[in-house]
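Quick notes on the structure that follows.
Below, each value reflects all heavy atoms present in this structure, side chains not excepted, and no hydrogens, waters or symmetry copies. First listed ligand is number 1; within each ligand, the first listed atom is number 1.
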Amino acid sequence: MLSRIVATLAVIYVLKRIITFRRAASSVGNLGGYRVLFNGLSPIGALLKRLPGLTQGLNHALEDKYSIHERVGCDIVAHVTAFPPVAHLSLADAQAIKEVTISRAKFPKPVDVYKPLLFFGHNIVASEGETWKRYRKITAPAFSDRNNKLVWDETIAIMNDLFENVWGDKEVITVDHCRDLTLPIALFVIGVAGFGRKMTWKEDNVIPTGHRMTFQKSLSIVSANTLAKIILPDWAMRLTEKTREIALGFDELKAYMLEMIDARQKSQKVERHDLFSSLLEANNDEDGEALSTDELIGNIFIFLLAGHETTAHSLCFTFALLALYPDEQEKLYQHIKSVTPISRVPTYEEMPLLTQSTAVFYETLRLYPPVPIIPKRCAEDTTLTTTNTQGETVVIPVAKGTSVDIYTPALHYNPKYWEDPHSFKPDRFLKPDWNRDAFLPFSAGARACLGRKFFETEGIATLTMLVSRYKISVKEEPQFAHETFEQRKERVMKCNFRLTTT
Ligand code: HEM
């Protein structure tokens, strides 16, 4: 009898799931796309292997690029999951994306998705509406031209310190993983241009009184372990020596930030252009709307998080592509040489002339966008318009509450906008007519990246310094001696989606 009741309840449960699943699919006009049990980005989906019908996997946006849109024959597709029973629209249509990014009230950020980023305090990335407006108003002025100049000068100094005091007169430098080089560069730049704290390649190991680790170490631990902090509950952080060190890194960074706030509020006003100082200054000038200490820390922390990993990995992808394409590297070298003599360091004012460096970066960001999915949620019943393979107009119903996600790899590999989209061709960005609406690594509209210029400045300074002094190549290893170019490219460029593309 009991087993019959259980079986009946199970059947009812399954039927209910099927009905809600079908309802979710029909809410977006039964548009083609994945039909899976678990969303690849959900906690359960992330643990499972990619399998048709089960989950599309954590890396699907990076792996699929434009292929699902091509298969469905439409630049907007719908991924429907049973747990939870929702439809996610995946956009690869530049016009539809433009509509979404410019209509902030109609397509706001789904702030619930960003909740894990709140552990240091409320911040600009994880907020919406009036709170976001207030954060943006106070934080945006920190990303000034004077800050960009600081980024440039400090990046040059960090690279010079590397060349002179670490690499010395060695002819060949070998790094096992390019990330071992780019993560510290990005960390030192955000350390000095973000927090006003100079760091060097030879770490100063003196721990200040009242602290248990140096600022440099705490910043390095925090930037490398945000994902662990997000995933693990507090009790789990106390379990092993490694997780205890991570927890200490977070506590210490917060303690340093509190000290810095206190010291700068007490000290005489000195003209400084790091993000932290500018943020404090703007905050002091605010009447009535100033940020609380928690909000200040939350926002400066999010600059670190938003800026460090994206920058370090993008530099890494750039170097790897230049190593794989020596002709492009040579072209870049010749261009740098034509703009600035190799015997002296380039100045910030010369940055706009380094057009080939910008083109190399953009092409890297097109092929390996650091944020593969930019989520939005529809705030009212509406429609989105796109075209299918036959060139016909397709109008998609979008009910209030539907997830509307910008899939940057799908957009960046869409052959409608990019000729030969799988090839590395930086020169496409030197032509005046490339489609700005089809290039979205930094998002667009009011919620676009605040640190774009910060990144471009740092990236161009690093690239220019490195390429003008060294030739970058892939390390030759006997076990890979017989691989083809395509195999080598696949091995070297292998990437995963974690918090960003890594
Ligand atoms: C390769 C480098 C970078 C890329 C590709 C990138 C990309 C992005 C993207 C796609 C967004 C929108 C995210 C969303 O809608 O959830 C964003 C927002 C943001 N980024 Fe970046 N970013 C980069 C570097 C930086 C740097 C260096 C900083 C700061 C130092 C920074 C600070 C921010 C901030 C504060 C926001 C939130 C803006 C707002 O919501 O109003 N980013 N970035």
Report summary line: Sorted by chain and number, sequence neighbours left out, salt bridge (Lys or Arg N to Asp or Glu O under 4.0 Å) with Glu63 holds for Arg50

Query raised in the report: Do Asp405 and Lys376 meet the salt-bridge criterion of a basic N to acidic O distance under 4.0 Å?
Result: no

Query raised in the report: So, do Tyr362 and Pro426 sit near enough that their side-chain heavy atoms are less than 4.5 Å apart?
Result: no

Within the protein, flag every N or O under 3.5 Å from an N or O of ligand 1, and note the pair and distance.
| residue | atom | partner | partner atom | Å |
| --- | --- | --- | --- | --- |
| ligand 1 | 16 (O) | Lys109 | NZ | 3.0 |
| ligand 1 | 16 (O) | Tyr114 | OH | 2.5 |
| ligand 1 | 40 (O) | Arg447 | NE | 3.0 |
| ligand 1 | 40 (O) | Arg447 | NH2 | 2.9 |
| ligand 1 | 41 (O) | Trp132 | NE1 | 2.8 |
| ligand 1 | 41 (O) | Arg136 | NH1 | 2.7 |

Query raised in the report: Going by the ring-ring contact (aromatic ring centres under 6.0 Å, His included) test, which pairs reach into residues 121-147, not counting sequence neighbours?
Result: Phe143-Phe303

Requested in this report: Report the residues that fulfil ring pair (Phe, Tyr, Trp, His ring centres under 6.0 Å) with Phe301, sequence neighbours left out, ordered by chain and then residue number.
Outcome: Phe119, Phe120

Query - N-O pairing of Asp274 and Arg197 below 4.0 Å - result: no

